[in-house]
Amino acid sequence: MELKKGIPVSPGIVIREAFALDTEDLRIPQRFIEKSQVEDEVERYEQAVVLAQKSLDKDIESLGTKIKIHTQILEIHRDLVADPVLRKEIIAAIRDKHYTAEHAVSRVLNRYIKKFAAMDSPIIAERVHDLFDIEKLILSTLLGKKIETLNTLEREVVVIAHNLTPAQTAKLDPRWVHGFATDVGGKTSHTAIMARALGIPAVVGLDDISTTVVGGDLVIIDGFRGIVLINPDERTVKEYQSKVEETARVTRRLRKQASLPAETIDGHALQVHANIELPQEVHSAVELGAEGIGLFRTEFIHLQTPRNNEEVHFQHYRNVLRELGNRPLTLRTLDLGGDKDDGLGLVEENPFLGCRSIRWCLEHPDVFRAQLRAIYRVSALGQIRVMLPMISSIPELDRTLMLIEEVKEELREENIPFDDDVPVGVMIEVPSLAVIADLVAPRVSFFSVGTNDLVQYTLAVDRGNERVAELYDPVHPAILRLLVRVLEVGDEHGIRVSVCGEMASEPIYLPLLIGLGLRELSVSPQLIPEVKQVIRLVRDFDVQELAHRCLDMSDGFAITRELRRWAHDHLPDLPRRW
Ligand code: PEP
Ligand code: MG
């Protein structure tokens with residue numbers, strides 16, 4: 001048995017066989033054939049295409065309409081497998097160059113992959129992945145092997161990888177993928193956030209897990225403690241099985257109480273909203289007790305259909321609104337860049353400090369306008385709030401607000417109904433905005449503190465870099481002072497302040513945030529029952545005292561120790577995450 005320690009990013013425990021990503025080796029045994037074998041080889045290729053199509057048809061049928069994005073990807077693959085241009089070139093390579101079918105497929109597809117990868121178009125960039133996938137599929141059919149990819153998994157596994165991008169994580173099918181562990185990553189990286197959205201245990205920052213584990217190893221992922229056990233002995237498996245059962249018991253109990261209001265012992269009500277990444281999460285968010293959506297990371301829609309697609313955004317927002325009933329929906333405008341590909345395949349030196357988020361949107365007004373049009377069109381159908389990410393200055397905010405006015409004017413001219421009074425707020429996630437919060441407040445309807453980025457930018461610690469994870473400290477006195485400032489300014493100007501960063505879902509930080517005066521927060525749906533339970537276990541008076549004590553301290557590590565002690569004494573019976 002081998003034990004690896006990393007960063008726990010999504011709670012829970014899972015014991016499953018490993019699926020090692022990216023390690024399949026497709027060896028092509030022979031490259032050339034005799035002239036006399038050419039027609040048989042063409043026939044072999046044609047049959048492989050038919051088989052590949054049948055297997056895709058089967059996958060599409062078994063997925064049905066349950067996970068639409070997966071079905072769409074497979075449909076694209078089915079069309080590509082039989083694409084007449086590709087087919088003609090592959091057959092020509094067999095006939096003219098006497099390549100084996102495998103070699104011809106590989107040569108032709110790789111030529112297109114290289115050509116497409118060099119192009120500066122988001123739609124074509126997506127096709128590169130599709131070509132990789134169909135190459136694997138046709139080759140595996142020709143070689144007589146069933147090669148599994150994340151899209152074709154049909155057994156319960158945990159995924160072991162060097163890295164998973166947020167877009168890859170968004171495509172994981174939770175029916176088969178029950179957890180993951182990666183070499184790199186940090187607690188608030190978007191990959192980690194996606195794991196929480198899917199409700200699967202995950203550990204990142206394990207350094208060399210991808211080269212230690214081979215496919216088929218038995219693996220335990222402990223997402224509470226950040227531990228991965230490889231090929232554990234029988235006793236350890238039994239021990240962990242009973243922990244799995246205990247966690248399931250606690251989760252069931254908490255979920256039963258999820259619809260109760262989030263009120264402190266002494267009667268202060270808090271609003272608990274959900275952060276979602278994908279429209280299909282909204283149903284479970286409501287079931288788990290969300291009083292609204294406090295953060296919809298709409299960029300994942302763009303990543304799945306990277307076009308200026310007003311209609312796609314509109315449809316998704318409308319569906320989410322329908323599920324929400326009368327609850328409010330906070331649509332955050334696109335936050336691309338950083339650790340989320342912008343769909344254009346552009347790579348920057350320091351992406352978190354580069355053309356990310358609102359900066360990207362202002363540089364791509366067509367994409368931004370399309371999204372704003374979708375948002376305002378849907379505003380006629382329900383309670384919408386617009387949230388602007390990563391604003392760092394007043395001119396940037398004013399420019400964005402002006403663009404919003406232009407979009408509204410456009411809709412007016414087109415006689416398209418919309419709500420003229422949609423609240424527009426900002427995320428406070430760049431320290432400069434917290435410092436000038438008093439200048440921002442008169443221009444907006446609400447603040448939502450994005451602690452994930454606020455911590456990264458204030459402390460100069462990359463949120464996704466495991467090497468500096470120890471320095472990523474949400475209770476550093478500088479962060480607490482910024483939080484106090486934002487809450488005070490919100491109070492003075494009578495505007496709502498929420499926290500939508502991951503800090504708000506940590507049972508050790510939550511009492512401190514309530515003590516600082518926070519009354520609204522937004523967290524991953526799966527964590528709502530636990531967050532509500534923590535709120536119900538605190539007394540406002542006690543946590544105010546706790547907050548005062550913490551504000552008097554100069555060392556974040558000491559503050560964390562104090563919060564742990566407090567949680568230990570006051571929050572019994574929760575899964576121990578601290
Ligand atoms: C944040 O920065 O805290 C936040 C909620 O936004 P994101 O994690 O998507 O950057
Ligand atoms: Mg952010």
Side-chain angles (χ1 to χ4, degrees), residues 9-10 165-167 169-170 185-197 202 204 272-278 281 285 290 292-303 330-342 351-361 371 385-392 396 425-434 446-465 472-476 479 482-483 486 497-506 509-510 513 518 520-525 527-528 531:
V9 296
S10 183
T165 64
T169 318
K187 197 165 188 121
T188 59
S189 62
H190 285 96
T191 297
I193 289 168
M194 280 310 302
R196 289 192 282 278
V204 303
V272 181
H273 291 205
N275 295 346
I276 60 167
E277 285 69 42
L278 303 169
E281 282 178 85
I293 299 297
L295 163 62
F296 185 172
R297 291 184 166 97
T298 58
E299 54 277 6
F300 285 95
I301 297 179
H302 177 91
L303 288 172
T330 311
L331 292 163
R332 176 176 76 182
T333 57
L334 299 173
D335 182 5
L336 293 160
D339 61 352
K340 280 167 295 193
D341 189 0
D342 65 359
F352 275 115
L353 299 180
C355 189
R356 178 188 170 194
S357 201
I358 197 71
R359 301 171 185 176
W360 188 96
C361 284
Q371 178 178 34
R385 297 172 187 169
V386 180
M387 183 152 84
L388 307 170
M390 215 185 147
I391 298 280
S392 60
E396 192 176 49
V426 283
M427 292 194 68
I428 305 261
E429 52 183 352
V430 181
S432 58
L433 214 68
F446 63 91
F447 290 155
S448 187
V449 187
T451 50
N452 304 340
D453 279 312
L454 189 64
V455 173
Q456 131 163 299
Y457 292 131
T458 307
L459 306 183
V461 177
D462 184 339
R463 61 193 267 188
N465 183 344
Y472 187 93
D473 181 9
V475 292
H476 186 296
I479 303 296
L482 291 177
L483 280 167
V486 174
V497 179
S498 154
V499 170
C500 62
E502 302 306 301
M503 183 182 184
S505 59
E506 289 286 335
Y509 299 143
L510 196 46
L513 291 173
L518 186 72
E520 190 173 318
L521 44 98
S522 193
V523 301
S524 281
L527 302 177
I528 290 175
V531 162

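Both ligands and their constituent atoms are indexed starting at 1 by order of listing. These numbers come from the heavy atoms of this one structure, side chains and all, not from hydrogens, waters or symmetry mates.
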Taking only heavy atoms of [X], which atoms of ligand 1 are found under 4.0 Å from at least one of them?
X	value
E429	1 (C), 2 (O), 6 (O)
M427	4 (C), 5 (C), 6 (O)
R356	10 (O)
C500	5 (C)
R297	4 (C), 5 (C), 6 (O), 7 (P), 8 (O), 9 (O)
G450	1 (C), 2 (O), 3 (O)
I193	8 (O)
R463	2 (O), 7 (P), 8 (O), 10 (O)

Out of I193, L295, I301, which one pairs with E277 under the side-chain contact (heavy atoms from CB on, under 4.5 Å) rule?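 Testing each of I193, L295, I301 against E277, the sole residue satisfying side-chain contact (heavy atoms from CB on, under 4.5 Å) is I193.
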V449 pairs by side-chain contact (heavy atoms from CB on, under 4.5 Å) with which of L483, L513, L482?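 The single option meeting the side-chain contact (heavy atoms from CB on, under 4.5 Å) with V449 is L483.
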Top protein contact for atom 7 (P) of ligand 1, by heavy-atom distance: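 Scanning the protein heavy atoms, the shortest distance from atom 7 (P) of ligand 1 goes to H190 NE2, 3.2 Å.
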For the metal site, I want the angle between atom OE1 of E429 and atom OD2 of D453 with the Mg ion (ligand 2) at the apex, to 10°. 100°
For atom 10 (O) of ligand 1, which candidate among V430, D339, D453, V499 provides the closest heavy atom? D453
Any donor-acceptor N or O pair under 3.5 Å, side chains T188, Q456: no
Confirm or rule out an N/O/S atom of D335, from backbone or side chain, lying less than 2.8 Å from the Mg ion (ligand 2).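 No N, O or S atom of D335 is closer than 2.8 Å to the Mg ion (ligand 2), so no.
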Which pair of non-hydrogen atoms, one from A197 and one from E281, has the smallest distance, and what is that distance? CB-OE1, 3.1 Å
